[in-house]
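Below: the structure, in structure tokens.
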Amino acid sequence: MQPQTVLGFDYGTKSIGIAIGQAITASASPLMSIKAVDGIPNWDDIGKLITEWQPDLVVVGLPLNMDGTEQEMTQRARKFANRINGRFGIKVATQDERLTTADAKARLFELGGFKALSKGQIDAISAVLIVESYFENQFGD
């Protein structure tokens, strides 16, 4: 069965963007960004989100190099995904996020110009794009 509710994470070492998505509409909405200290979030914050939203699946963006090869951040994002799975026993998938930050900036700029471009908003919109691209990959063209 396809997951219905998906919690998406745009992993970063200082900030982690979070979005919630619904498979029925294949769309997502930005929730928030949480602070991280050298890539380590407050796990209680993530636990509260999982309790509140009861997602069927968590999708973590995987930052790859433009040629598709892995980098240090790819490994860190993968480790973050594994920790969510291990701590909360929830199914986790990863999603290529190569273009999401640029897309997020473009989308926010359309919505409100440069004033709209706070780092937290960019991270949350990036998480939206990660979830939406996951849905696109699941449901084909």
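One is the number of the first residue; the rest follow in order along the sequence.
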Tell me the salt bridge (charged side-chain N to carboxylate O under 4.0 Å, His left out) pairs involving residues 60-69, sequence neighbours left out? none
On a heavy-atom basis, which atom in S33 and which in A124 lie closest, and how many Å separate them? OG-N, 3.6 Å
At what distance, to the nearest 0.5 angstrom, does CD1 of I125 lie from CD of E132? 9.0 Å
Roughly how far, to the nearest 0.5 Å, is CD1 of I18 from CZ of F9? 5.0 Å
Examine distances only and state if a side-chain atom of T69 and a backbone atom of N65 form a donor-acceptor pair shorter than 3.5 Å. no
Spacing of CD1 belonging to I34 relative to CG belonging to L49, to within rounding of 0.5 Å: 6.5 Å
Are I16 and L31 linked, directly or through intermediate hydrophobic residues, by side-chain heavy-atom contacts shorter than 4.5 Å (ILVMFWY only)? yes
Paired with Q95, the side chain to side chain contact (heavy atoms under 4.5 Å, CB included) test is passed by just one of V6, V59, L62, V131, namely V59
Across all chains, not counting sequence neighbours, the side-chain contact (heavy atoms from CB on, under 4.5 Å) partners of N82 are none
According to a hydrophobic-cluster definition based on side-chain heavy atoms being under 4.5 Å apart (Ile, Leu, Val, Met, Phe, Trp, Tyr only), do I130 and V128 belong together? no
Kindly write out the residues that satisfy side-chain contact (heavy atoms from CB on, under 4.5 Å) with A81, not counting sequence neighbours, or none if the list is empty. V60, V92, T94
Flag the pair D10 / E97 as yes when at least one side-chain heavy-atom distance between them is below 4.5 Å, and no otherwise. yes
With distance as the sole criterion, is a donor-acceptor pair present between the side chains of Q75 and E70 under 3.5 Å? yes
On a heavy-atom basis, the closest approach of A127 and G8 is CB-O, 3.8 Å
Nearest heavy-atom neighbours spanning A36 and G12: CB-O, 3.9 Å
Distance, nearest 0.5 Å, that separates CG of L64 from OG1 of T74: 5.0 Å
Are I46 and L7 connected into the same hydrophobic cluster when the rule is that any two of I, L, V, M, F, W, Y join if their side-chain heavy atoms are below 4.5 Å apart? yes
Under the ring-ring contact (aromatic ring centres under 6.0 Å, His included) rule, what pairs show up with a residue in residues 11-33, not counting sequence neighbours? Y11-F80
Please tell me if the side chains of D96 and S133 come closer than 4.5 Å, counting only heavy atoms from C-beta onward. no
Under the side chain to side chain donor-acceptor pair (under 3.5 Å) definition, can you give me all pairs with a residue in residues 34-46, not counting sequence neighbours? D38-R76
Which pairs pass ring-ring contact (aromatic ring centres under 6.0 Å, His included) with one or both residues in residues 15-42, sequence neighbours excluded? none
For the CD1 atom of I90 and the CG atom of D56, what is their distance to the nearest 0.5 Å? 7.5 Å
